[in-house]
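A short write-up of the structure that comes next.
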2 protein chains.
Amino acid sequence: MNTKQSFGEYLRKLREDQNLPIRKVASKLDIDPSTLGKIERGERSANKEMLPVLAELFGIEEKTLGLILFSDKVAYQIIEEENTNEILKVAEEKIKYLKNKNLKQGSLDLK
Amino acid sequence: MNTKQSFGEYLRKLREDQNLPIRKVASKLDIDPSTLGKIERGERSANKEMLPVLAELFGIEEKTLGLILFSDKVAYQIIEEENTNEILKVAEEKIKYLKNKNLKQGSLDLK
DNA sequence: TATATTCAGGACAATAATTGTCCAAATGTA
DNA sequence: TACATTTGGACAATTATTGTCCTGAATATA
């Protein structure tokens, strides 16, 4: 996993390695080519529904794509803060706590 | 740091420990009391501008408040995923890379 | 050179999400 | 009871995101 690449850069590389034009991938995703171009350049965000389509198209685990996409989103959300590592650590603990709580009880609801 | 508490719960505890009504804290924050109530219950999100006000009011480091707030946001963003730990780890690496890159170059721009 | 294809990036309306504000009902308290 | 506090719904205003189209530049192709 190359963490020096954003989701968009990763996607572009996949696409170019296969010599596919934006147009074709966009059509598979059922979005405007211009939108896909923006996603590749990081000017718009991809969404979860695109992942299974891309996974199949490029023969990559959907989970891997999700990992790249969500880590991007998390990074973007906190990169302006100073104590990013601490934030991530506390977030990890909160998630652990909440998931566990959730196993034992009903559904959750955070904001 | 108690990671079993959301920002709202933490805030409510601070407020109740001082026997302050929502009304008063809301007025310091210059927001509607109903909105503050919702923040405490996690139905709305707090924002960064509120942190210095709360920090001074309760005598707590702004950074600590920010830590609780942002870790909440990160947790909320990914809690529905399976591989949350991996996501956080990759996010950490990305941030590290981007911050370093940023030190050496100009300003950054992700999405 | 002319023509076609691809891509970047702007514009802008449609849609969705968030926020501010007010109010009425419920709850707590003197 | 009377008063203060809190909850939670409603809804408009604001802001953010998305879908769509268009133009021009760059590149490839006939």
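None of these values were measured; they are calculated from a predicted model. Throughout, a chain's letter reflects where its sequence line sits, starting with A, and its residues are numbered from 1.
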**Request:** Only counting residues at least two apart or in another chain, list the ones meeting side-chain contact (heavy atoms from CB on, under 4.5 Å) with A/K94.
**Result:** A/V90, B/T3, B/I68, B/S71, B/D72, B/A75
**Asked** Mind checking what makes side-chain contact (heavy atoms from CB on, under 4.5 Å) contact with A/F58, not counting sequence neighbours?
**Response**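 Result, side-chain contact (heavy atoms from CB on, under 4.5 Å) vs A/F58: A/L11, A/L14, A/R15, A/Q18, A/L20, A/V25, A/L54, A/I60.
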**Prompt:** Under 4.0 Å: is that the gap between some side-chain N or O of A/R41 and OP1 or OP2 of C/dG9?
**Reply:** yes
Rounded distance in Å - [atom1] ([X]) to [atom2] ([N]):
X: B/L36; N: D/dA4; atom1: CG; atom2: C1'; answer: 16 Å
X: B/D30; N: C/dT19; atom1: CG; atom2: P; answer: 15 Å
X: A/N47; N: C/dA16; atom1: CG; atom2: C1'; answer: 13 Å
X: A/I31; N: C/dA14; atom1: CD1; atom2: P; answer: 21 Å
X: B/E40; N: D/dT7; atom1: CD; atom2: C1'; answer: 12 Å
X: A/I39; N: D/dT17; atom1: CD1; atom2: C1'; answer: 12 Å
X: B/R12; N: D/dT5; atom1: CZ; atom2: P; answer: 14 Å
X: A/Y76; N: D/dT17; atom1: OH; atom2: C1'; answer: 11 Å

**Prompt:** What pairs of residues pass the side chain to side chain donor-acceptor pair (under 3.5 Å) test when at least one of them lies in residues 19-35 of chain B, not counting sequence neighbours?
**Reply:** B/S34-B/K38
**Prompt:** What pairs meet the side chain to side chain donor-acceptor pair (under 3.5 Å) rule with one or both residues in residues 48-60 of chain A, with sequence neighbours excluded?
**Reply:** A/K48-B/E81
**From C/dT21, C/dA11, C/dG9, nucleotide with atom closest to A/R44 side chain** =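 The answer is C/dA11, which lies nearest to the side chain.
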**Request:** Answer whether the closest heavy-atom distance between the side chains of B/K99 and A/T84 falls below 4.5 Å.
**Result:** yes
**Item:** Side-chain heavy atoms of A/V74 within contact of B/E92, under 4.5 Å
**Value:**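 Contact flag for A/V74/B/E92 side chains = no.
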**Cationic N near anionic O, under 4.0 Å, A/K63 to A/E61** = no
**Letter per nucleotide, 5' to 3', of nucleotides 21-30 of chain D [B base touched, S only sugar-phosphate touched, - untouched; heavy atoms, 4.0 Å]** = B---------
**Request:** Please check if atom CD in B/E62 has more than 12 non-hydrogen atoms from other residues, nucleotides or ligands closer than 6.0 Å.
**Result:** yes
**Asked** If you round to the nearest 0.5 Å, how far is CG of B/N47 from NZ of B/K73?
**Response**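 With rounding to 0.5 Å, NZ (B/K73) is 7.0 Å from CG (B/N47).
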Tabulated below should be each protein N or O lying under 3.5 Å from an N or O of nucleotides 4-6 of chain C; please produce it.
{"unit_1": "C/dT6", "atom_1": "OP1", "unit_2": "A/R23", "atom_2": "NH2", "d": "2.7"}
{"unit_1": "C/dT6", "atom_1": "OP2", "unit_2": "A/R23", "atom_2": "NE", "d": "2.8"}
{"unit_1": "C/dT6", "atom_1": "OP2", "unit_2": "A/R23", "atom_2": "NH2", "d": "3.4"}

